[in-house]
K.L.:
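Sharing a structure below in structure tokens format, with a few things to ask.
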Amino acid sequence: MNDKTILRGRLLSFRREPENADDTAAFSYIEDGALVMAGGMILSVGAYADLGSDVRQAASIIDHRPHLILPGFIDAHLHFPQMHAVASWGAQLMEWLNTYTFPQEARFAELAHAERMAGWFLDQLVSQGTTTVAAYCSVHSTSATALFQAAMQRNYRLIAGKALMDRNAPDAVLDTPQLGYDETRSLIARWHGQGRIDYAITPRFAITSTPEQMETVAALIAEHPDCYVQTHLNENHYEIELTLSLYPKARDYLDIYEAYGMLGPKSLFGHSIHMNQRERAAMAASGSVAVFCPTSNLFLGSGLFDEAAMKSASVRTAIATDIGGGTDYSMLRTLDEAYKVLQLQNQKLDPYRAFYWLTLGNARALSKQAEIGTLEVGTEADVVVLNSAATPQMAMRMETVTSLREELFVLQTFGDDRAIAETYVSGKAAKNRSLTS
Ligand code: GUN
Ligand code: ZN
């Protein structure tokens, strides 16, 4: 068995955020490239013609021509226990949570259910070309344990945590300040830093946590400064009104989180739609990340993420599916909807920037650019292979495509899991190789 694998194809990897449609210096593109992987890492990258014959002979070569080879996609916000809540009809946020979502999350108290769903969840993400996620688990410790175990089994890069919630939801999905604190501490001790796992301290949102629970969140963050923090912010008008009524002293929604020490460069704020200038400035000053979830924002009728305002305020941003408020596991479908959300505000999502966002952009938002998000030597071998002519409509449209930028836009507009020819997780081909029965 060779321990080296060479992927041959068109290699595309970003160096920085593209500034405009002509900014080809922002990325590296090698028409006939060779990516050499060993031990789960990228060992070398360059033109196929420059590979020494000794390297060729000592490796297995997988020829992916004419496909594109990119770093694996990164999804910065989604909910593991909501797979049976996706595609639930007719409700906006609070009604959707109460009617469809909390009952599904309640089922994750049972370890066997959580384990079955964890395998399915990661297999689905891999089939979509997604190789890193920041995920919410249910309130139950079992759900986090099942997901961490499934990630270890697959050597999958995962940021996740059990939700903390002690009010305004059915008893079956509530903890208490003490229980949530104790369980989070023991999950961090057991899993944070194991394999490719990071723990995210996960107060669901201010509505489902009492001030007493928020005090425990502040303590957990102070005790574990290297963990992530994830929550929801300014998603829906009624949610905002209810939140402010529960925390009447707060200047605005973000101020609640600020008061409990929750802002910072490893803090991820899902949605961040209806923001005021003060909130944007506080996010920027603390290096906090606003996570854009376009399919969810449209499906739940929540509102339009103002990316231009975030940019001009220098807020760091990420993009995500938000399964199950979101309607598709595919980051390509997510880009398509993001494009339309921005169009509605007369903003643009250039294809170079779109693919930067899915890879290096989200890696930076997660402070993981040294590990993932590029095809650079010494980073982890999480790779996606894209077939731009995967379906009849894509193949037909590709007949008139004459540039890489146009090709990326075809992928961004039409692409889904059928366009994912292969996904490599830690250097191993993993698409359609389920570990679950
Ligand atoms: N706010 C609090 N919980 C959730 C959730 O599960 N999904 C979405 N979209 N928003 C939330
Ligand atoms: Zn969410």
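Note that ligands are numbered from 1 as they come in the structure, with each ligand's atoms numbered from 1 the same way. Residue indices begin at 1 and follow the sequence shown.
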K.L.:
Could you find the nearest protein heavy atom to atom 3 (N) of ligand 1 and give me its residue, atom name and distance?
P.N.:
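For atom 3 (N) of ligand 1, the nearest protein heavy atom comes out as R204 NE, 2.8 Å.
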
K.L.:
Less than 4.0 angstrom from a charged side-chain N to a carboxylate O is my criterion; do E407 and R10 meet it?
P.N.:
yes

K.L.:
Could you tell me how the ring of Y199 sits relative to the ring of F148: parallel (under 30°), tilted (30 to 60°) or perpendicular (over 60°)?
P.N.:
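Ring orientation of Y199 relative to F148: tilted.
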
K.L.:
Please work out the angle at the Zn ion (ligand 2) defined by atom OD1 of D322 on one side and atom NE2 of H77 on the other, rounded to 10°.
P.N.:
90°

K.L.:
Counting only nitrogen or oxygen atoms and a 3.5 angstrom limit, does E235 reach ligand 1?
P.N.:
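Yes, E235 has an N/O under 3.5 Å of an N/O on ligand 1.
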
K.L.:
Does E239 have a heavy atom less than 4.0 Å from any atom of ligand 1?
P.N.:
no

K.L.:
Of the protein's non-hydrogen atoms, which lies at the shortest distance from atom 1 (N) of ligand 1, and what is that distance?
P.N.:
H232 CG, 3.3 Å

K.L.:
Where on F102 is there a heavy atom closer than 4.0 Å to ligand 1, on the side chain, on the backbone, on both, or on neither?
P.N.:
neither

K.L.:
Crowded around N346 CG? As in, over 12 foreign heavy atoms under 6.0 Å?
P.N.:
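Result for CG/N346: open.
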
K.L.:
List every atom of ligand 1 that sits less than 4.0 Å from any heavy atom of H271, numbering the atoms from 1 in the order shown and giving each element.
P.N.:
8 (C), 9 (N), 10 (N)

K.L.:
Quick check: are there more than 12 heavy atoms from other residues, nucleotides or ligands sitting under 6.0 Å from OH of Y238?
P.N.:
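Check fails, neighbour count at 12 or below.
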
K.L.:
Is it true that W96 lies under 4.0 Å from ligand 1, counting heavy atoms only?
P.N.:
yes

K.L.:
Where on T208 is there a heavy atom closer than 4.0 Å to ligand 1, on the side chain, on the backbone, on both, or on neither?
P.N.:
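None of T208 does.
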
K.L.:
Check for me whether R116 meets the cation-pi criterion with W120, that is, NZ or CZ under 6.0 Å from the six-membered ring centre and within 45 degrees of the ring axis.
P.N.:
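Cation-pi check for R116 and W120: fails.
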
K.L.:
Can you list the atoms of ligand 1 that are under 4.0 Å from a heavy atom of F205?
P.N.:
1 (N), 2 (C)

K.L.:
Taking the Zn ion (ligand 2) as the vertex, how big is the angle to NE2 in H232 and NE2 in H79, rounded to 10°?
P.N.:
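Angle NE2(H232)-the Zn ion (ligand 2)-NE2(H79): 100°, rounded to 10°.
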
K.L.:
Only heavy atoms of H79, strictly under 4.0 Å: list the atoms of ligand 1 that pass.
P.N.:
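Listed by number with element: 5 (C), 6 (O), 7 (N).
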
K.L.:
Would you say NZ of K428 has more than 12 non-hydrogen atoms from neighbouring residues, nucleotides or ligands within 6.0 angstrom?
P.N.:
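Count not over threshold, so no.
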
K.L.:
List the atom of R196, the atom of N155, and the distance in Å for their closest heavy-atom pair.
P.N.:
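Taking every non-hydrogen atom into account, NH2-O, 2.8 Å.
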
K.L.:
Is E105 in polar range of ligand 1, meaning some N or O pair under 3.5 Å apart?
P.N.:
no

K.L.:
For the rings on Y136 and H79, is their centre-to-centre separation under 6.0 Å?
P.N.:
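Centroid separation for Y136 and H79: below 6.0 Å.
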
K.L.:
May I ask you to identify, for I207, whether its side chain, its backbone, both or neither come under 4.0 Å of ligand 1 on a heavy-atom basis?
P.N.:
neither

K.L.:
Using the six-membered ring wherever Trp is involved, compare the ring planes of Y352 and F27 and label them parallel, tilted or perpendicular (cut-offs 30° and 60°).
P.N.:
tilted

